[in-house]
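As structure tokens, the structure follows; a few thoughts come after it.
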2 protein chains.
Amino acid sequence: MSGTASTSYRERNSTADRALDILLMFTDTHLVVSGTAVAERLGVARSTAYRYLQSLVNSRFLEEAPGGGFRLGLRVMEIARLARRSYGLSEVALPAMTTLAEDVRETVLLTRRTGELVVCVDRAEAGTGAVRISYERGSTLPLNAGAAALVLLAWIPDEDARRLLESADLRRFTPATLTDVDTLMQRLAHIRRAGYSVTRGELDADVMGVAAPVRDEKQQVVAAVSIAALASRVFPEAEAELARKVQETAREISERLTAVGG
Amino acid sequence: MSGTASTSYRERNSTADRALDILLMFTDTHLVVSGTAVAERLGVARSTAYRYLQSLVNSRFLEEAPGGGFRLGLRVMEIARLARRSYGLSEVALPAMTTLAEDVRETVLLTRRTGELVVCVDRAEAGTGAVRISYERGSTLPLNAGAAALVLLAWIPDEDARRLLESADLRRFTPATLTDVDTLMQRLAHIRRAGYSVTRGELDADVMGVAAPVRDEKQQVVAAVSIAALASRVFPEAEAELARKVQETAREISERLTAVGG
DNA sequence: ATCAGAGTCTTGTTTTACAGGACAATAGGT
DNA sequence: ACCTATTGTCCTGTAAAACAAGACTCTGAT
């Protein structure tokens, strides 16, 4: 891992970093950016920004938006498909997730953690729910709220989990959101003993979640399977049953994963 | 599938281009790349390649693969979600596509063209088909084969279509694949008159497709809707009926698109 | 007609990214 | 135990590549 404690990070702004940073400017509310905005954000001359933009357009990571500006290009979708395949999770997990979704008639999610963020890698939905729990592939979730995030933290070394939680900005989403690191750490210990997590209204007031860990051939936790349901539809007495089912599904996926990996 | 283009142009490789090129090294058969392979492919020193790699890992476009090497990171899935939203197609199109898929009990695709490539942007699948037509989001299709590709070419100026077809490498996928530019151009004219396209076994011997154009508020063709079905399940007499239904769906999507855009 | 903003190019200057090589750690082969 | 081939990290002097500035075109608004 790290050679010494002092990680002398190089000046974070190389040419490549800046080009990549452009891709990070896009958000749900900012689907189109202009060259001038890019120059400003990057702190470079306009001509320089356009040079980057050209590289990105040439490789189709960006395309010109109708009516001016730039938006994300189809290349992004191409490599996203490959990214999904890279993890080796989806092919194996999706059938089991679909079965679970149909069984409990709720949305089932497969998530992975990257740094301080949890990303939805796959989703299975029950046929015709009146209310939609709308997490898509690529949606990001916070570290401190949601059943899946807690599971993904529970099985890494405590010191790592603490460091992550301390460096992340723990936003409050609802009155029930946990933002205190010590409280969260206790919660993780509890989850580790139980083997699953249950949350209620910590991320979205009306939603509850139940999650369990997926392990690879080395028994490392590499993902989480979770059920996301309208909180009012699931009485506390029913939680145990859901937990059993998610754990069962997670175990099934883990087994197939080790079978493939070995 | 086809290998990527062989090492060719060292013409205008800026630093940003090279960093981006790393992302293009990944293919279905090459889900993990090593630093040495990157250096070789880019034609730079190993230390330089690793510098790029660090930038990509820091921004989470890549992550270290278990057991060495690098693979695509979760950031790619994050921005792919945004890319999908950028086009404003999916939200509007998916309900209509699902309806069509359930009606005809076949796979329905939404595709866009970028340069010499057609990319699947969305998909709706009939519940429980025994045979799966397995195009996913992000899958790429050639310009010269498949009903959708022909539709996407038919409504751009003839000279542009010809130039695209001439510069693309028109591979032969089956005996029925068209690779002659003049023949293809005649085909496009025919499709333009008919308002839809039908192909049989030109891309995959056992598959047939029917496609129709989706237009934005300016009446520009921005996407194609297509039905992909097992060829043996669809008799020639049934083609007209399918064509009518795809056109109807495409028109419906176009109308909602103009309603939103205006 | 005028203005503001987007996007494109060229040029001279110097900043920045490069190659090469030393180094550590790991895995496989003998 | 050895040796060899890999992967990934870090440092330094050099020179090549990227930079800022500004001139230019083309829009669409007012």
Side-chain angles (χ1 to χ4, degrees), chain A residues 1-22 25-26 30-73 86 217-218 220 261-262, chain B residues 9-22 25-26 30-73 86 217-218 220 261-262:
Chain A
M1 299 293 185
S2 57
T4 51
S6 65
T7 30
S8 65
Y9 263 100
R10 65 179 303 96
E11 294 264 354
R12 260 207 100 265
N13 263 356
S14 71
T15 300
D17 281 315
R18 283 197 289 268
L20 259 13
D21 275 347
I22 293 178
M25 288 182 64
F26 294 89
H30 246 104
L31 262 17
V32 175
V33 305
S34 76
T36 310
V38 169
E40 201 169 319
R41 156 81 170 252
L42 260 41
V44 298
R46 246 157 39 94
S47 56
T48 304
Y50 277 109
R51 194 153 36 79
Y52 293 144
L53 255 0
Q54 264 188 356
S55 288
L56 288 159
V57 170
N58 282 339
S59 47
R60 301 199 214 285
F61 281 98
L62 296 183
E63 58 184 42
E64 303 185 31
F70 300 83
R71 64 181 180 191
L72 292 164
S86 295
E217 59 269 30
K218 299 192 193 76
Q220 296 291 314
Chain B
Y9 317 114
R10 192 96 329 208
E11 199 174 283
R12 57 158 52 203
N13 259 359
S14 69
T15 299
D17 282 316
R18 284 197 289 268
L20 259 13
D21 275 347
I22 294 178
M25 288 181 64
F26 294 88
H30 255 104
L31 262 16
V32 175
V33 304
S34 76
T36 310
V38 170
E40 202 169 319
R41 158 80 170 252
L42 259 42
V44 299
R46 240 157 41 89
S47 55
T48 303
Y50 276 109
R51 195 154 36 81
Y52 291 143
L53 255 1
Q54 264 188 357
S55 288
L56 288 159
V57 169
N58 281 340
S59 47
R60 302 198 212 286
F61 281 98
L62 296 184
E63 57 183 42
E64 302 186 31
F70 300 83
R71 65 182 179 191
L72 291 164
S86 296
E217 60 268 31
K218 300 193 193 74
Q220 296 291 314

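Proteins get letters first, then strands, A, B, ... in listed order; numbering begins at 1 in each.
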| said: If you compare every side-chain N and O of B/T15 against the phosphate oxygens of C/dC18 (OP1, OP2), does one of them come in below 4.0 Å? | reply: yes
| said: What is the separation between atom CD on A/E40 and atom P on D/dA20, rounded to the nearest whole Å? | reply: 14 Å
| remark: All heavy atoms of A/A49 vs all of A/V38, minimum pair found to be CB-CG1, 3.9 Å
| Within the structure, does a side-chain N or O atom of A/Y50 lie under 4.0 Å from either OP1 or OP2 of C/dG7? | yes
| message | Tell me the closest heavy-atom pair linking A/E63 and A/L72, and the distance in Å. | response | CG-O, 3.8 Å
| message | Given D/dC10, D/dA20, C/dA17, identify the nucleotide with an atom nearest to the side chain of A/V44. | response | D/dA20
| message | What is the separation between atom CD on A/Q54 and atom P on C/dT10, rounded to the nearest whole Å? | response | 11 Å
| task | Please report, rounded to the nearest Å, how far the C1' atom of C/dA6 is from the CZ atom of A/R51. | result | 18 Å
| Closest-nucleotide ordering on DNA chain C, the 5'-leading residue of A/T36 and A/A16 | A/T36
| request: Starting from P on C/dA6, measure out to CZ on A/F70 and report it in whole angstrom. | output: 10 Å
| query | With Watson-Crick and G-U wobble geometry limited to distances under 3.5 Å, how should the secondary structure of DNA chain C be encoded in dot-bracket form, using | for bases paired to another strand and [ ] for crossing pairs? | reply | ||||||||||||||||||||||||||||..
| request: May I have the distance from B/D17 (atom CG) to D/dA17 (atom C1'), rounded to whole angstrom? | output: 13 Å
| query | What's the CG-P distance between A/N58 and C/dG7, to the nearest Å? | reply | 15 Å
| said: Can you confirm whether the side chains of B/N58 and B/S55 place a donor and an acceptor under 3.5 Å from each other? | reply: no
| Can you tell me how far C1' of C/dG7 sits from CG of A/L62, to the nearest Å? | 14 Å
| message | Tell me whether the side-chain N/O atoms of B/S47 come closer than 4.0 Å to OP1 or OP2 in C/dG20. | response | no
| said: On the nucleotide C/dG7, are OP1 or OP2 found under 4.0 Å from the side-chain N or O atoms that A/R46 carries? | reply: no
| request: Give the minimum heavy-atom separation between A/R71 and A/L31, together with the two atoms involved. | output: CB-O, 3.6 Å
| field | Nearest atoms (heavy-atom pairs only) where A/A16 meets B/Y52 | value | CB-CD2, 4.2 Å
| query | Would one find a side-chain N or O of B/R18 under 4.0 angstrom from OP1 or OP2 of C/dC18? | reply | yes
| B/Y52 side chain N/O closer than 4.0 Å to the phosphate oxygens (OP1, OP2) of C/dA17? | no
| message | D/dT7, OP1 or OP2 - any side-chain N/O from B/S34 closer than 4.0 Å? | response | yes
| Sequence neighbours excluded, which residues qualify as side chain to side chain contact (heavy atoms under 4.5 Å, CB included) partners of B/R60? | A/T114, B/R75
| said: What is the separation between atom CG on B/L53 and atom P on C/dA17, rounded to the nearest whole Å? | reply: 16 Å
| Heavy-atom pair with the smallest gap, counting every atom of A/H30 and A/M25 | CB-O, 4.1 Å
